**Student:** 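Here you go, one structure.
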Amino acid sequence: MKKRYIIIAGLLIATVYSCTKILDQAPKGSLNTETLKNKEGAEALVIACYSILDNKDPQPSWGWGNVGSNLLNNASMWESGDLRSDDCYKGGGGTDDVSEYGQIELGILQTTNAAFQVIWKGHYVSISRCNKALQLLNQLTDAEFPLRQRRIAEVKVLRGFYYMRLKQLFRTFPYIDETVVTGQEGEVANNLTEAQLWEKIVADFNAGITIPFDGQDAGRVNKYVAYSFIAKAEMFRKNYAAAITAADQVISSGKYQLLNNLEGLYSDPALERAGENIFAIEASVGGGAESNVRFNWGDIWVAPSNGPYGGGDGFQRPSQNLVNAFKVDANGLPLHDTYNNSDLPAADIATPVDPRLDHAIGRPGIRWKDYTNSPQTIGWARAEGTYGPYVKKKNLIYVNSPFRATASTDFPWAGGALNLPFLKYSEILLIKAEALVELNQNLDLARTLINQLRTRAANTPKVKSFSNPAINAANYQIGLYPATGWTQDYARKAVRFERRLELCLEGLRYFDLLRWGVAKQVIDAYNNTEKTKRVYLGAATFNAPKVEYYPIPQAEIDISRGKLKQDPNY
């Protein structure tokens, strides 16, 4: 069994169904503060703040029992970061399968959509745990708990992470911290400006820069995790110089590196400590019972149907637009402006493509990781007539991994001890490159950083032909950006395109489009073209600025007694 780096406590600190009704009630079935007021109790509360990183609802209220409820609150946020962009289709058994996601894909964002309620609730569960942990830690002394200051810093970074996700998803929300008196959480209004919310988020991240990277407690927050989150947050605030400063702390540390094995990075739990993952959900497997496993339940639903894992629901299906983005020119460089002028056919292995395509996306006829029974077939694509032939391949565990959750072909299919990364070294390199480009400073360094990723892609073992493992499965070509013509405008195109190729299907794309100010332009163009291939997208629209963010769930408005005000765009 994979080693557990953080022991996940069974202690559930609070069951939170809204920030305005349940947060102001004493937790039922949990230990009280006086019982916990010691270093053991404090450590348990801190661990509970980590254990909720997978957004696994401790008391689910939506369909399919203790596992299925988490489909609407998955940790990767693909439904918000990919489905709302040009990177993927909803997938599943058809357009009515999980209609909550279907409406999100079409840009129909209603305040009564159950997904928004589950997502909102899930994040406030996490925030409540952090605040309760901080309240207890603040009651102890350093003598009583020598790691107190370190744990306070860890919890603040985790709270900042949960709030940053809320900020990416919802334009406005109440900011509740540990200073709010227990029982009065529901009295907090959502009256802070967007700038003020970001200030509080970054302040939480800054609390973590004191945590040493000393090998203790692998899987926990350390100073470089904090700096990485600062770099991400500063990009949203367009504080590019601050983003570079934070990214430099990570890059110059020497603690992280690019892994020259993309398939292993996306598939092999044994390589999770090889230096690229900065912060991730710590997954594990046990004796088969749900209580003995720890993995990202919500993303199991993306596994291909009738394929190597014995079954799967086939959500988060890569779009034709994304597949087309991997085409390259004669120099192995992306077709920034013309990639979508024609489609790359599913069976085409002659057109030159970036080798990252077949590591991230499953195509019919191409080898699937370590599966030896057959190459991928069209039958793996559930509802292929609606969603096309492609399936997600990235961040699904090796079929024959000893860290699979089950050795059989039964549910949970692709579940296992493969960590889900939230922060990768590759993204930190791209953050620094993008910030340099936006400042129009040291563009040559930005090019070098981008080319590091392209060099890694060129050197990583290629996907091999199923029938002849001595040759590549397709015509893989990738080149480095030359200095000639490397202007700010061209560099901006290059770094943005590189983010898409390198980080595709990781729940990031929509948030990139939004912070670049091009969401409507890109999504309108995508809908206009894609609806000719996927008929159901004929109803898709992007009514900006209204749908740029999710609305506050109507249920939260109704029970807030006037404290919560809806996003004015709704």
Side-chain angles (χ1 to χ4, degrees), residues 76-91 101-109 167-169 171 232 235-236 238 316-328 333-344 354 356-357 360-361 387-388 390 392 427 430-431 433-435 437-438 450 488-550 569:
S76 76
M77 295 209 308
W78 69 263
E79 86 294 337
S80 301
D82 293 329
L83 185 59
R84 300 186 71 196
S85 76
D86 49 355
D87 269 10
C88 86
Y89 315 124
K90 175 181 71 67
Y101 279 4
Q103 292 199 1
I104 291 173
E105 182 176 20
L106 297 178
I108 303 170
L109 306 188
K167 185 65 198 76
Q168 291 174 282
L169 295 164
R171 191 186 307 272
K232 283 178 69 82
M235 293 302 288
F236 280 97
K238 301 188 186 306
Q316 195 185 8
R317 298 282 287 283
S319 69
Q320 183 67 56
N321 186 288
L322 176 59
V323 171
N324 293 343
F326 285 89
K327 293 187 296 184
V328 298
L333 295 175
L335 307 173
H336 297 148
D337 300 315
T338 61
Y339 73 92
N340 207 41
N341 286 358
S342 63
D343 288 344
L344 180 72
D354 187 308
R356 287 173 288 190
L357 168 62
I361 296 171
Y387 298 114
Y390 307 113
K392 182 182 178 182
E427 186 178 9
L430 287 167
I431 283 174
E434 182 184 338
V437 170
E438 292 304 321
I450 296 168
Q488 184 188 28
D489 287 343
Y490 186 77
R492 182 180 289 118
K493 284 184 180 181
V495 71
R496 291 182 178 184
F497 214 88
E498 200 68 23
R499 276 191 67 89
R500 188 182 192 190
L501 299 177
E502 181 67 29
L503 304 174
C504 70
L505 303 176
E506 295 185 25
L508 303 175
R509 174 68 170 169
Y510 175 75
F511 306 118
D512 284 344
L513 297 177
L514 192 59
R515 66 184 178 83
W516 293 333
V518 299
K520 181 171 178 56
Q521 171 190 336
V522 170
I523 296 171
D524 280 350
Y526 168 76
N527 286 337
N528 288 336
T529 302
E530 212 74 9
K531 68 184 178 183
T532 65
K533 307 161 192 175
R534 310 285 173 247
V535 176
Y536 74 95
L537 288 177
T541 185
F542 191 81
N543 183 20
K546 177 180 177 180
V547 300
E548 289 179 341
Y549 293 90
Y550 290 158
N569 288 303

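We use all heavy atoms of the structure for the numbers below, so side chains are in, but hydrogens, waters and symmetry mates are not. Predicted model only: the values in this text are computed from it and were never measured.
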**Student:** Any salt bridge linking R509 with D512? Criterion: basic side-chain nitrogen under 4.0 Å from a carboxylate oxygen.
**Tutor:** no
**Student:** Would you indicate whether the side-chain heavy atoms of L514 and Y549 approach each other to under 4.5 Å?
**Tutor:** yes
**Student:** Taking only Lys NZ, Arg NE, NH1 and NH2, and the carboxylate oxygens of Asp or Glu, determine whether R496 and E438 approach each other closer than 4.0 Å.
**Tutor:**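 Salt bridge between R496 and E438, a charged N being under 4.0 Å from a carboxylate O: yes.
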**Student:** For K232, what residues pass the salt bridge (charged side-chain N to carboxylate O under 4.0 Å, His left out) criterion, not counting sequence neighbours?
**Tutor:**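 For K232 the salt bridge (charged side-chain N to carboxylate O under 4.0 Å, His left out) partners, ignoring immediate neighbours, are E427.
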**Student:** Does D354 have any salt bridge (charged side-chain N to carboxylate O under 4.0 Å, His left out) partners at least two apart in sequence or in another chain, and if so, which?
**Tutor:**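 If we apply the salt bridge (charged side-chain N to carboxylate O under 4.0 Å, His left out) test to D354, skipping adjacent residues, the hits are R356.
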**Student:** R84 and E79: which non-hydrogen atoms are nearest, and at how many Å?
**Tutor:**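 Here R84 and E79 meet closest at CG-O, 3.7 Å.
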**Student:** Identify, with sequence neighbours excluded, every residue that meets side-chain contact (heavy atoms from CB on, under 4.5 Å) alongside A491.
**Tutor:** V437, W486
**Student:** Mind checking what makes side-chain contact (heavy atoms from CB on, under 4.5 Å) contact with S342, not counting sequence neighbours?
**Tutor:** K327
**Student:** Test of understanding: with salt bridge (charged side-chain N to carboxylate O under 4.0 Å, His left out), list the residues that count as partners of K238, not counting sequence neighbours.
**Tutor:**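 Counting only residues at least two positions away or on another chain, K238 forms no salt bridge (charged side-chain N to carboxylate O under 4.0 Å, His left out).
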**Student:** Who are the side-chain contact (heavy atoms from CB on, under 4.5 Å) partners of N527, not counting sequence neighbours?
**Tutor:**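 With sequence neighbours excluded, N527 shows a side-chain contact (heavy atoms from CB on, under 4.5 Å) to I523, A540, given in chain and number order.
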**Student:** Do NZ/NE/NH1/NH2 and the carboxylate oxygens of R500 and D86 come within less than 4.0 Å?
**Tutor:** yes
**Student:** Is a donor on one side and an acceptor on the other found under 3.5 Å between the side chain of E506 and the backbone of D82?
**Tutor:**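 Checked: no pair found.
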**Student:** List for me each residue that meets side-chain hydrogen bond (donor to acceptor under 3.5 Å, both in side chains) alongside E548, sequence neighbours excluded, and say none if there are none.
**Tutor:**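 side-chain hydrogen bond (donor to acceptor under 3.5 Å, both in side chains) check on E548 returns nothing, list empty.
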**Student:** Going by ring-ring contact (aromatic ring centres under 6.0 Å, His included), name the pairs with one or both residues in residues 508-537, residues two or more places apart or in two chains.
**Tutor:** Y387-Y536
**Student:** Would you check if the side chain of R317 reaches a backbone N or O of G388 as a donor-acceptor pair within less than 3.5 Å?
**Tutor:**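 At least one qualifying donor-acceptor pair exists.
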**Student:** What residues form a side-chain contact (heavy atoms from CB on, under 4.5 Å) with Q521, not counting sequence neighbours?
**Tutor:** V518
**Student:** Any carboxylate oxygen within less than 4.0 angstrom of a Lys/Arg side-chain nitrogen, looking at R534 and E105?
**Tutor:**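 Not counted as a salt bridge, because no side-chain N and carboxylate O are separated by less than 4.0 Å.
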**Student:** By ring pair (Phe, Tyr, Trp, His ring centres under 6.0 Å), which residues pair with Y339, not counting sequence neighbours?
**Tutor:** F497
**Student:** With sequence neighbours left out, what residues match K520 under salt bridge (charged side-chain N to carboxylate O under 4.0 Å, His left out)?
**Tutor:**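 D524.
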**Student:** Using the test side-chain hydrogen bond (donor to acceptor under 3.5 Å, both in side chains), find all partners of K493 that sit at least two apart in sequence or belong to another chain.
**Tutor:** D337
